[in-house]
Amino acid sequence: MTDLNDIALKYDVDLENCVVFVRGNDDILAVDISNAGIKQRSDGTMGFTFSITPKHALALEEYFNKFTTGEKFYFDISQTGYRPVYYRGLSPMTKEVSQEYEPKFNITLFAQKAIVEPEDSYFAPTCACCEFCHID
């Protein structure tokens with residue numbers, strides 16, 4: 001997994017104010033979270049809603065258009081640690097027009113929380129005399 005400090009240097013971002021999406025080892029997107037909202041339903045479905053500039057909205061759409069439904073990726077919000085999720089899709093982009101500020105686009109990323117099995121939850125039997133050795 002890519003180190004967050006490497007991401008900060010390479011993309012010149014403040015990780016305290018970003019959500020970082022990672023696909024594979026080197027396919028990375030950092031998005032400012034000042035205009036973002038995250039909701040999680042009880043079934044583990046998540047929605048990341050962004051209200052961002054047209055340039056950032058296009059970058060977000062281009063990044064996630066490479067994904068297939070069900071593909072696993074990771075996100076990190078403000079350096080809290082990587083969390084695995086499965087890609088479920090993007091909402092259509094909508095334009096938010098206001099006289100008070102520059103136009104923004106709203107877009108929602110849908111993801112499904114990935115169930116992670118702890119690495120130490122299973123161990124192989126080490127002897128022939130324990131009660132678990134007969135299980136195949």
Side-chain angles (χ1 to χ4, degrees):
M1 186 69 61
T2 304
D3 184 62
L4 287 172
N5 293 325
D6 294 340
I7 294 169
L9 290 173
K10 184 176 181 181
Y11 295 98
D12 191 31
V13 294
D14 176 16
L15 293 174
E16 288 296 320
N17 297 314
C18 282
V19 57
V20 177
F21 298 104
V22 179
R23 176 184 182 218
N25 288 327
D26 58 355
D27 198 0
I28 300 162
L29 177 69
V31 181
D32 187 344
I33 59 171
S34 59
N35 293 313
I38 300 170
K39 293 182 181 178
Q40 183 170 340
R41 296 177 14 174
S42 61
D43 66 354
T45 304
M46 305 171 76
F48 297 84
T49 302
F50 299 95
S51 180
I52 50 183
T53 64
K55 177 183 173 184
H56 291 114
L58 183 60
L60 184 89
E61 187 176 51
E62 286 176 354
Y63 180 78
F64 283 104
N65 277 341
K66 298 181 281 185
F67 284 54
T68 58
T69 301
E71 184 174 345
K72 189 175 188 178
F73 69 99
Y74 298 84
F75 71 92
D76 181 299
I77 302 171
S78 300
Q79 300 186 54
T80 56
Y82 289 112
R83 305 282 188 254
V85 290
Y86 297 111
Y87 177 73
R88 293 294 178 232
L90 285 176
S91 71
M93 238 187 283
T94 58
K95 188 174 183 179
E96 183 180 314
V97 181
S98 173
Q99 300 297 335
E100 299 173 12
Y101 53 83
E102 295 292 318
K104 293 190 175 187
F105 284 88
N106 296 324
I107 189 166
T108 301
L109 163 67
F110 298 102
Q112 178 75 36
K113 183 178 173 183
I115 298 171
V116 179
E117 180 90 19
E119 291 180 18
D120 61 351
S121 67
Y122 174 80
F123 63 93
T126 57
C127 66
C129 61
C130 74
E131 63 268 16
F132 298 111
C133 291
H134 70 281
I135 300 173
D136 289 327

*Between Y63 and F21, what is the ring plane arrangement, given parallel below 30°, perpendicular above 60°, and tilted in between?*
tilted
*Between F50 and F105, does the ring centre distance come in under 6.0 Å?*
no
*Judged by atom type as modelled, is there a donor-acceptor pair below 3.5 Å linking the side chain of E71 to the main-chain atoms of T68?*
yes
*Please round to the nearest 0.5 Å and tell me the distance separating atom CE of M93 and atom NZ of K104.*
15.0 Å
*Taking all non-hydrogen atoms of both residues, which atom of T80 and which atom of D76 are closest, and how far apart?*
N-OD1, 3.3 Å
*Between C18 and A30, which heavy-atom pair has the shortest distance, and what is it?*
SG-CB, 4.4 Å
_I'd like to know if the side chain of E61 and the backbone of P92 have a donor-acceptor N/O pair within less than 3.5 Å._
no
*Indicate yes or no: at least one non-hydrogen side-chain atom of I77 is less than 4.5 angstrom from one of I33.*
yes
_Side chain to side chain, V85 and M46, heavy atoms closer than 4.5 Å_ = yes
*Side chains of T45 and R88: does their closest heavy-atom pair fall under 4.5 Å?*
no
*asked:* Main chain of K66, side chain of R23: is a donor-acceptor contact present, judged purely on distance under 3.5 Å?
replied: yes
*asked:* Looking at E102, I want to see if its CD is surrounded by more than 12 non-hydrogen atoms of other residues, nucleotides or ligands under 6.0 Å.
replied: no
*Do R83 and K113 come within less than 4.5 Å of each other through their side chains, counting heavy atoms only?*
no
_E96-S51 side chain donor-acceptor pair, cut-off 3.5 Å_ = yes
*Heavy-atom check, side chain of L60 versus side chain of I107, under 4.5 Å*: yes
*Less than 6.0 Å separating the ring centroids of F110 and F48?*
no
*Residue pair F73, F67: steps toward the ring pair (Phe, Tyr, Trp, His ring centres under 6.0 Å) verdict*: CA-CA 9 Å; F73 69 99; F67 284 54; 5.3 Å; yes
*Test item: V20 and V22 side chains (from C-beta on) under 4.5 Å apart, heavy atoms*: yes
_Keeping S91 on the side-chain end and T108 on the backbone end, is there a donor-acceptor pair under 3.5 Å?_
yes
*Are D32 and I52 side-chain neighbours, meaning at least one heavy-atom pair lies under 4.5 Å?*
no
